[in-house]
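One structure below.
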Amino acid sequence: QMPGTARHDREMAIQAKRNLSKTTDPVERLRLQCLARGSAGIKGLGRVFRIMDDDNSRTLDFKEFVKGLNDYAMMIDKEEAQEIFRIFDKDGSGTIDFDEFLVTLRPPMSNARKEIIMQAFRKLDKTGDGVITIEDLRGVYNAKHHPKYQNGDWTEDDVFRAFLDNFDSPYDKDGKVTTEEFMNYYAGVSASIDTDVYFIVMMKNAWKL
């Protein structure tokens, strides 16, 4: 677990639940419902949509959209779902592009925050192929301090794998973390941190940037 993230994650989930009662904007309500599940909440919804996208079109019609929200146990009525769908179906084609949907759902971040997140990503992605794997972590992330490694429960690879699982899509843990997944995760963490300065300091300390 990255220093501080578990705490931020809890704070953010609590804050999201609190803000839910205050907002009437349907997209914001959906975003907060996802964030109430922690930093990986938005990614989880993406995963549900991906499973439903049988024909690999990366688009959803309204029926699939509603089914996805229900499968993910989002508390949302049909009118609200229709309103959200209309917002994303910009060209009125009756389908929405779910990559675009997930990017819009992600809490907005300043360029300064995106830049520091990418710095951390590049530091971890030793091979520079745009994906972080166990191999990448070997020289960068020290497993020796992990309590489960110290008491012999876990190997070094187990520690790395658990570390990657933090950033990986919750239902699709493949031991590889893409730029998109890393960004999504930190968009969640970022939502609980008010100032860019504090976010950047936290990232610099956590990743020794």
Side-chain angles (χ1 to χ4, degrees), residues 1-16 31 33-53 68 71-74 98-99 102-103 105-107 109 113-114 116-193 199 202-209:
Q1 183 72 7
M2 200 199 102
T5 27
R7 195 186 71 241
H8 287 306
D9 221 45
R10 277 197 304 277
E11 282 169 11
M12 187 203 58
I14 292 163
Q15 209 173 327
R31 176 184 293 145
Q33 284 196 47
C34 288
L35 291 177
R37 302 184 176 204
S39 300
I42 291 174
K43 262 178 347 202
L45 184 57
R47 171 71 180 144
V48 171
F49 285 155
R50 217 160 288 143
I51 295 169
M52 293 179 45
D53 180 27
D71 287 357
Y72 200 53
M74 291 280 125
F98 70 63
D99 291 314
L102 291 172
V103 167
L105 201 54
R106 200 158 71 183
M109 283 186 292
R113 294 191 191 207
K114 285 182 188 156
I116 197 85
I117 294 167
M118 283 315 296
Q119 273 182 37
F121 186 87
R122 285 191 293 266
K123 179 174 180 179
L124 285 172
D125 178 19
K126 269 202 131 42
T127 52
D129 60 357
V131 181
I132 303 169
T133 59
I134 283 178
E135 285 310 303
D136 284 320
L137 292 180
R138 284 193 207 287
V140 191
Y141 182 69
N142 190 346
K144 307 256 189 304
H145 302 306
H146 198 286
K148 289 200 171 171
Y149 178 82
Q150 286 175 345
N151 72 15
D153 285 355
W154 283 8
T155 65
E156 207 169 15
D157 277 14
D158 291 334
V159 177
F160 290 149
R161 183 63 201 250
F163 174 82
L164 290 173
D165 281 352
N166 284 319
F167 303 99
D168 218 346
S169 301
Y171 306 103
D172 188 21
K173 296 193 186 300
D174 57 4
K176 297 183 182 73
V177 177
T178 62
T179 322
E180 182 67 10
E181 286 175 324
F182 201 71
M183 268 293 178
N184 275 340
Y185 177 85
Y186 276 111
V189 174
S190 167
S192 70
I193 294 172
F199 182 79
M202 180 205 81
M203 289 296 285
K204 282 186 167 167
N205 292 343
W207 298 111
K208 304 190 172 47
L209 297 172

Do the side chains of [Y] and [X] get nearer than 4.5 Å, heavy atoms only?
{"X": "M118", "Y": "T179", "answer": "yes"}
{"X": "L124", "Y": "L137", "answer": "yes"}
{"X": "E181", "Y": "K176", "answer": "no"}

[X] side chain to [Y] backbone, donor-acceptor under 3.5 Å:
{"X": "R113", "Y": "S190", "value": "yes"}
{"X": "D136", "Y": "T133", "value": "yes"}
{"X": "D158", "Y": "T155", "value": "yes"}
{"X": "Y72", "Y": "R47", "value": "no"}
{"X": "D125", "Y": "G130", "value": "yes"}

To the nearest 0.5 Å, what is the distance between [atom1] ([X]) and [atom2] ([Y])?
{"X": "Q33", "Y": "L105", "atom1": "CD", "atom2": "CG", "value": "10.5 Å"}
{"X": "I42", "Y": "Y185", "atom1": "CD1", "atom2": "OH", "value": "13.0 Å"}
{"X": "R161", "Y": "I134", "atom1": "CZ", "atom2": "CD1", "value": "6.0 Å"}
{"X": "H146", "Y": "D153", "atom1": "NE2", "atom2": "CG", "value": "10.0 Å"}
{"X": "F160", "Y": "W154", "atom1": "CZ", "atom2": "CH2", "value": "12.0 Å"}
{"X": "M109", "Y": "I117", "atom1": "CE", "atom2": "CD1", "value": "4.0 Å"}

Indicate the ring-plane relationship of W207 and F182, choosing parallel, tilted or perpendicular according to the 30° and 60° boundaries. tilted

Ion pair R106/E180, N-O distance below 4.0 Å: yes

Check this for me: does any side-chain nitrogen of one of R138 and D157 sit under 4.0 Å from a carboxylate oxygen of the other? yes

How far apart are the closest heavy atoms of [X] and [Y], and which atoms are they?
{"X": "G175", "Y": "L164", "answer": "O-CD1, 3.3 Å"}
{"X": "A187", "Y": "P107", "answer": "O-CG, 3.6 Å"}
{"X": "L45", "Y": "G68", "answer": "CD1-O, 4.3 Å"}
{"X": "A120", "Y": "M203", "answer": "CB-CE, 3.9 Å"}
{"X": "A13", "Y": "A36", "answer": "CB-O, 3.4 Å"}

Q150: which residues meet the side-chain contact (heavy atoms from CB on, under 4.5 Å) condition with it, sequence neighbours left out? none

